[in-house]
Every structure is written in structure tokens, then in C-alpha cells.
Amino acid sequence: MTEPRRRSWAEPFKIKMVEPLKMTTREEREVAIREAGYNTFLLRSEDVYIDLLTDSGTSAMSDRQWAGMMLGDEAYAGSRNFYHLEAAVREIYGYKHLVPTHQGRGAEHLLSQTLIKQGDVIPGNMYFTTTRLHQELAGGRFVDVIIDEAHDPTDAHPFKGDVDLAKLRQVIDDVGPERIPYVCIATAVNMAGGQPISLANLHKVRALCNDHGIRIIHDATRVAENAYFIKEREPGYADKSIAEIVLEICGLTDGCTMSAKKDALVNIGGFLALDEWEVFEACRNLVVVYEGLHTYGGMAGRDMEAVAIGLQESVQFDHIKARVGQVKYLGEKLQDYGVPIVVPIGSHGVFLDAKAFLPQLDQDHYPAQALAAELYLDSGVRAMERGVVSAGRDPETGENRHPSLELVRLTVPRRVYTQAHMDVVAESVAEVWDNREEVRGLQMVYEPSDLRFFQARFEPVG
Ligand code: P61
């Protein structure tokens, strides 16, 4: 059957239950953001109208998933739901062994403690906050080997998640393969703006790692979204299913860490999956110390059931097309208003380029933080800073890192908001854009030591 010529990405579901939203006045929002120290993480969700802080744990579960919750086998050991999840991970990702964890960072913790030794180096296609911190806490150092294009918000390279093989080769030559416990490959690279890695590139990374006997560990948090872009953009993949592409990606890697709160459409959960028995065994030993028994790892039986079902739903083409389609819809609206965003539009959100939006602000006055606060003031839309605050300090020098990407992430939860919500978001961003010259910078008045962006507090400067 041929596809009709005119057909939009409309949602492949209808809405069965609704949650009312609270509208606030500008005066109420002024109080709320001041009390939150100009940090959107510190707002009460009650004071938020449209919540685009994150797509993590905020998706709407399907009726199938809710039905699965009723089938929770809440046994301490050997829950039926664990075996269902194990079978789903084997079928969809192809990894042999499963270690359940309460969420993604639980998996990162176990893996880092197991594989990384003091002085090790972990190359990867751009850092992620929790992933890098766990690598550092285990004594390792993350080295960015993503292509340069990923650091330029205006560069429309179709696979900005690709690894620069020359950079990776250089790291291997510099430190030696024995100092590299694994290469860390993310799909739909979050901090780059939800940008995909191509399979052509991943095949080359695999070959290079094989030459040196180095493992690849995959951050599979948004692998289905990455697979959609491969199907759309990469020669030779148009006729492959999302499930086939996901399997090919995973097959090129030795294991994964997973936050099931994203692709897998659940409110809580995660896992580590591994092909090597020895690494699996070591992580399984640690899971009982930090998370829970190896057949639940911090999740209730019902949570594992919802993940198992969500994984199946995540690779359905109609779902992923509508999910990425909605993000694209928002991004294109913003482009029509002339707002500077990261291109190409990514899979899980639209990223505002705060440097271009607020050129009057020095990066040390936190343009992305200030812009997120301003957007909240305008409409009650909550976004997230992804710039100098998120990047934190270099553990060796104690100096602030100054990433080239200073972004505000408008993250779209899956199956939650409508096209009209996206219209309101775009209108509000356009309003702030029109008044951008009035936006003032911020100074940090409280800085926690780890992952400071979650709890830091700010005040307007001058
Ligand atoms: C997010 F501001 N992401 O994007 P956990 N890998 C990847 C993630 O996106 C991810 C985790 C590992 C979140 C939540 C979050 O700096 C932040 O299940 C690619 O959250 O433990 C999480 O998975 C960790 C927001 C995390 C942040 C860290 O919104």
C-alpha cells in the first residue's frame, strides 16, 4: 500500500483520562520563581502550566501498561514480571543478561563501580550529567569524542551524535587501550539536542574498538528515537523496521545502561543489560548492595511489568513517528517566529540557543538559566537549563566549565500534551523573544557540590 500524499503525524491513540492543569497569574509566578531561586527544578509542579522540564518519567502510560500494573507479582524474589522484562530486553535489545535498577543512574553507578579503575579514561559522544559524574566518582575521566558539528547549534549535520573517529583514535593512542574500560555511546544524544548517531558511524566505532579490544557500552535511554532518525535519514534503512534498527544498534555494543523513564514510557525504572558473563556477574553482586535483589533492583513487580510492555510500544512505528513529529511541530513553529534553536530539531525536545537569544548576557550570568526563568514568568511553561550551570566544574581545576552549547530545553513528555499546548508554548517563547532585550542575567547564590543544576539558587544581577 502506498502512503497517502497528505497525512500528518497525528497521535495513534485517543485520550481516556485527563488531568486538569492549574493556570496562574503573572503575579503568582513572580512569587513562585523568586521562591524557587530562579531555578525551574525548584518550582512546585502545582505552579506549572505546561511542564516541559523533562521527558523523564513524565510520559502517559497506555491502558495496556496500566492493566499490566495490576498483574504485579510483588514477590521479594523471582517475580514473574522480572522474567517478562528479561525476555523483553532479550527480544528488543538482544543483550543476554539483565540487572534491573531503580532508574538509569542506578545502572550507571553499578557499571562505573564495576568497570572503572582510578585513572581510567572513558571516551564518549558528549557527556551526560549523571553518567559523567558516576564515571568520575569511580576514578575515571570522561573525554568527549563527538564530531565538532555537535557543538555548533546552527550546523544541520543529520547525525550530530556521530563519533569523530580521529578523536577516538587519538585518545586510544594517548592513554592506551588498557586505560579505556569502555567507550560510552549514547543514542539520541541528549546534551547535543537529541541528536542521532548513524549506523555507518557506529559500525566504524565497533571496528576500531575491536582492533584494540575495547568494549562499547550504550546509553540506550532513547534508542528508539535514534532508530527513527536512521530510518528517515540514513541510506539503506528506509525499509527496515524500528525494531530491526534498534537490534542492529544494540548488536554493535556490548551492553547498555537504560533509564526506562524515557523510551520505555514508564514513570520509574531502569536497567543494565550486558553480554559478558563476568561483567554481568560483578554488577549482579553490586545490585544487591545498592538497589535491591537481582530480580527487582529497586522496582516493584508492577513497575517491571509496565517497562516490559512499554519497551514493546517504544518500537512501534506509529508511536515513534507521532512522538518525534510533535517535537518537530513545536520546533518548526519556533523557527517560523525566527527564534534561534538547535538544528536539526531533535527527538525529545526543542533546544533554544540562549547565546543567540540573549547575546547581551555573558555566559557567567547564566543566559539559559535566565531564559528558562523568563519563559516561566511569561506563561507558566517550565523548561530546563542545559548550559554552564549543568556543565558544572572541572573536578581537577575546580573551574567552571564553559560549554559551547548554552541551551534551554523544551522537553516534550510522550503522549501527554496536545498540538494546542505546543502552540501556546511557541507563542510564549515568541513573546519572550520579542522582549529579549529586557532580560537580565543571574548570579548564583547557592551552589551544591554535585549536579548543582538541580538545587542551585540564583538572584537577578544589578
Ligand atoms: C532528562 F537534568 N535524563 O533528560 P535517570 N542517560 C540519559 C538521560 O537522559 C538520563 C539518564 C541517563 C533526564 C533526567 C535528568 O542532568 C539531569 O533515570 C541519556 O534519570 O537516572 C536522564 O537516568 C539518567 C535530568 C537527569 C537532568 C540528569 O531529563
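We number each residue from 1, following the sequence as shown. Keep in mind that what you see is a predicted model, and the values were worked out from it rather than measured.
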* Phe159/Phe229 aromatic ring centres below 6.0 Å ->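 No, the ring of Phe159 stays outside the 6.0 Å limit from the ring of Phe229, centre to centre.
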* To do: Kindly state whether the ring of Tyr127 and the ring of Phe142 have centres lying under 6.0 angstrom apart.
  =>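 Ring centres of Phe142 and Tyr127 not closer than 6.0 Å.
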* **Test side-chain contact (heavy atoms from CB on, under 4.5 Å) applied to Ser62 and Glu313, step by step** => CA-CA 9 Å; Ser62 67; Glu313 293 180 3; 2.6 Å; yes
* Decide yes or no on salt bridge (Lys or Arg N to Asp or Glu O under 4.0 Å) for Lys160 and Asp155, but give the supporting numbers first. => CA-CA 9 Å; Lys160 279 167 111 172; Asp155 194 309; 5.7 Å; no
* To do: With sequence neighbours excluded, give me every ring-ring contact (aromatic ring centres under 6.0 Å, His included) pair touching residues 180-207.
  =>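 Sorted pair list comes back empty.
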* To do: Only one of Glu385, Arg401, Glu406, Arg409 passes side chain to side chain donor-acceptor pair (under 3.5 Å) with Ser390; say which it is.
  =>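 Answer to the side chain to side chain donor-acceptor pair (under 3.5 Å) test with Ser390 among Glu385, Arg401, Glu406, Arg409: Glu385.
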* **For His348, the option from Thr411, Asn190, Asp55 that meets side chain to side chain donor-acceptor pair (under 3.5 Å)** =>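 So, applying the side chain to side chain donor-acceptor pair (under 3.5 Å) to His348 and each of Thr411, Asn190, Asp55, only Asn190 qualifies.
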Greater than 12 external heavy atoms within 6.0 Å of [X]'s [atom1]:
{"X": "Lys204", "atom1": "NZ", "answer": "no"}
{"X": "Lys167", "atom1": "NZ", "answer": "yes"}
{"X": "Arg64", "atom1": "CZ", "answer": "no"}
{"X": "Arg452", "atom1": "CZ", "answer": "yes"}
{"X": "Glu46", "atom1": "CD", "answer": "no"}
{"X": "Trp66", "atom1": "CH2", "answer": "no"}
{"X": "Arg302", "atom1": "CZ", "answer": "no"}

* Could I get the full list of side-chain contact (heavy atoms from CB on, under 4.5 Å) partners for Gln118, not counting sequence neighbours? =>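 Partners of Gln118 by the side-chain contact (heavy atoms from CB on, under 4.5 Å) criterion come out as none, since no residue qualifies.
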* Is any side-chain heavy atom of Leu202 closer than 4.5 Å to a side-chain heavy atom of Ile185? ->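 Yes. Closest side-chain heavy atoms under 4.5 Å.
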* Taking the side chain as C-beta and beyond, is there a heavy-atom pair between Arg179 and Lys117 under 4.5 Å? ->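 The answer is yes, as the side chains (C-beta and beyond) meet within the 4.5 Å cut-off.
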* Give me the one residue out of Tyr83, Phe82, Tyr76 that meets ring pair (Phe, Tyr, Trp, His ring centres under 6.0 Å) with Tyr296. =>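 Going through the options one by one, the only one that passes is Tyr76.
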* To do: Decide, yes or no, whether a salt bridge links Glu276 with Lys96 under the criterion of side-chain N to carboxylate O below 4.0 Å.
  =>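 No, no charged N to carboxylate O under 4.0 Å.
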* Asked: Does the pair Glu108/Arg132 count as a salt bridge with the N-to-O cut at 4.0 Å?
  ->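 No, no charged N to carboxylate O under 4.0 Å.
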* Distance only, no hydrogens: is a donor on one side chain within 3.5 Å (strictly under) of an acceptor on the other, for Lys262 and Ser56? ->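 There is such a pair (donor and acceptor under 3.5 Å, judged by atom type) between the side chains of Lys262 and Ser56.
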